[in-house]
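These figures come from a predicted structure and were not determined experimentally. When a residue number appears, it is its place in the shown sequence, counting from 1.
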Amino acid sequence: MADYDLAVIGGGLNGASLARDAAGRGLRVILVEQGDLGAAASSATSRLVHGDLAMLERRGFLRVRAALAERDVWLKTAPHLVRPIRFAIPAHANERPPWRLRAGLWLYDRLGSGDRLAAATTLDVTHHPLGNALKRPIGTAFEYSDCLVDDSRLVVLTARDAAERGATICTGARCVRADRDHIWRIALIDRGHRRILTARALANATGAWSASTAETVLRQPLPKRVARQVSQIIVPRLFDVDAVYVFQNPDGQLIFASPYARDFTLIGTVSHAFKGDPAVVTTPAPDVAYLCTATNRYFRAEIQPADVVRTISGANMVPARKGRQTPLAAAMSFHAGRRLAPLLTVSGGDVTTARRRAERAIDRLTRFYPMAPRWTASAPLPGGDFAWDRFDDQVDLARERWRFLTETEAQRLVGAYGTRLAEILGDAGTRADLGRSFGAELTEAEVRYLMTREWARFADDILWRRTKLGLTMTPAERDALETFMAGIGNGSGGCFTDDDRSGDSEAGTVEPLPIRR
């Protein structure tokens with residue numbers, strides 16, 4: 001009998017979603033990630049949960065409708081991570097005519113739920129707060145509703161839910177070989193040890209590594225795909241309103257400028273073909289200049305490359321298609337021979353449709369072994385068991401219980417942990433009860449929680465993914481956090497289920513892997 005029903009290689013959003021869906025259907029699941037959860041492309045998204053307005057111009061009406069339906073699912077199941085926000089498209093004389101924008105947004109509303117979020121409208125921004133940041137003579141903007149998401153935390157909480165439903169999550173563990181017969185025999189390097197496990201099915205969700213994994217680890221053919229890179233920049237906050245600006249560029253691309261980590265603005269994205277090591281994806285200087293130029297066409301406060309405080313880039317694999325490529329494209333393939341264990345390959349795709357993508361992928365396994373029906377459309381992620389329009393109420397409850405929290409601190413903590421916040425703050429009556437402070441609101445209590453419950457091993461895991469507090473911490477504060485985490489045993493990695501956070505659990509047995517020729 002195999003150790004697991006499904007082994008998932010890759011801990012990005014696709015891999016975590018596959019593990020969560022399968023574990024909730026009753027399968028024995030293991031997820032293997034060589035680094036940190038969501039450390040690559042899944043932490044370099046546009047952070048949008050939307051129907052993709054640009055898809056309307058390509059007449060992808062069914063795709064837009066399906067994505068908007070998923071937007072509603074995320075609002076219900078992750079109200080702490082996904083929040084509604086108004087998007088504003090300033091009307092530029094040299095771009096799409098107003099009638100086209102107005103008609104597109106009317107259709108966008110009709111393809112969506114229609115009554116969950118506020119409908120699109122036309123604004124005179126010369127007398128509206130949205131216009132304060134815009135150049136003149138821009139006087140009109142088209143406003144509509146969509147959502148923003150904390151992409152990194154979405155990955156981690158998806159994996160957290162998978163673990164609570166029985167999945168084993170291995171971080172810092174690398175799959176080095178997988179032999180395929182009627183079952184998969186998989187070799188891992190975990191904490192310096194070579195471990196062997198078996199699985200009835202395997203999913204390759206390694207993103208930009210999917211081709212190299214297929215070739216060198218699985219030794220299986222992979223449908224032709226190409227690597228795409230997306231890049232964004234972070235600058236000091238450029239506007240005071242709580243909204244996302246959508247800028248039309250002369251090349252037809254839409255550029256988004258959105259609030260980020262309270263004091264900053266995220267601007268992106270730019271996409272192009274990628275060649276190189278997916279572990280080292282940098283933002284080219286022309287991409288930074290492109291985004292600065294696009295922003296300066298609209299905002300009064302002009303930015304230069306020197307104003308960029310951080311760049312975000314990631315690479316993924318998308319289907320190889322003729323014509324225009326989109327970074328949101330998803331590739332999924334399935335193969336199972338008469339006497340060969342099933343192989344799933346999932347890469348690419350946007351944040352919005354990740355849950356549905358995983359659901360469809362796991363459906364492909366139903367003919368191989370019985371499992372429970374679909375379930376993820378209605379089950380909240382950890383901490384998300386409250387109504388999507390009651391976020392402010394949760395913030396108020398947190399401030400009533402922990403009176404030392406400021407409004408901004410409570411908003412950040414509820415936005416990250418939702419109703420699980422009590423697991424961090426407990427019975428703390430003062431800030432001192434939370435232990436050491438590392439600056440920028442980060443306390444010892446939160447760090448310990450992230451290490452023991454959310455697989456954080458290194459300072460970067462906390463500073464740039466599970467929180468974004470690295471943006472406002474000094475180098476000395478970041479170094480102190482690294483030293484603290486090393487002192488209490490970071491970097492242990494290993495394979496954990498929800499009931500075992502000690503790091504001593506074994507993934508199969510330790511033995512040499514025979515080489516088949």
Exercise: do Arg228 and Asn316 side chains pair donor with acceptor under 3.5 Å
no
Between Arg86 and Ser145, is there a side-chain donor-acceptor contact under 3.5 Å, judged purely by atom types and distance?
yes
Drop me the distance from Thr158's OG1 to Leu37's CG, to the nearest 0.5 angstrom.
10.0 Å
Side-chain donor-acceptor pair present, Tyr417, Glu446, cut-off under 3.5 Å:
yes
Cation over ring face, Arg83 and Trp388, 6.0 Å, 45°:
no
Can you see whether Ser313 engages Thr283 through a side-chain donor-acceptor pair at a distance of less than 3.5 angstrom?
yes
Residues passing the side chain to side chain contact (heavy atoms under 4.5 Å, CB included) test with Thr483, sequence neighbours excluded, are none
For residues Thr443 and Glu441, is any side-chain donor paired with an opposing acceptor at under 3.5 Å?
no
I'd like to know if the side chain of Ser43 pairs up with that of Arg465 as donor and acceptor (distance under 3.5 Å, no hydrogens or angles considered).
no
Is there a side chain to side chain donor-acceptor pair (under 3.5 Å) between Asp150 and His80 once you walk through the steps?
CA-CA 9 Å; Asp150 188 330; His80 48 330; over 6 Å; no
Could you tell me whether the side chains of Thr353 and Asp350 share a donor-acceptor contact shorter than 3.5 Å?
yes
Look at the aromatic rings of Tyr298 and Phe247 and report parallel, tilted or perpendicular, splitting at 30° and 60°.
parallel
Short N-O contact, Arg102 and Glu143, less than 4.0 angstrom:
no
Output the distance between atom CG (Leu13) and atom CZ (Arg357), rounded to the nearest 0.5 Å.
7.0 Å
If you measure from the Lys or Arg side-chain nitrogens to the Asp or Glu carboxylate oxygens, is any gap between Arg457 and Asp36 under 4.0 Å?
no
Heavy-atom donor-acceptor pair, Arg297 side chain to Gln248 backbone, under 3.5 Å:
yes
Presence of salt bridge, Arg153 and Glu454, under 4.0 angstrom:
yes
Are Glu302 and Lys135 within salt-bridge range, i.e. N to O under 4.0 Å?
yes
Do Tyr290 and Asp251 get their side chains close enough for a donor-acceptor pair, meaning under 3.5 Å?
yes
Can you confirm whether the side chains of Arg355 and Ser17 place a donor and an acceptor under 3.5 Å from each other?
no
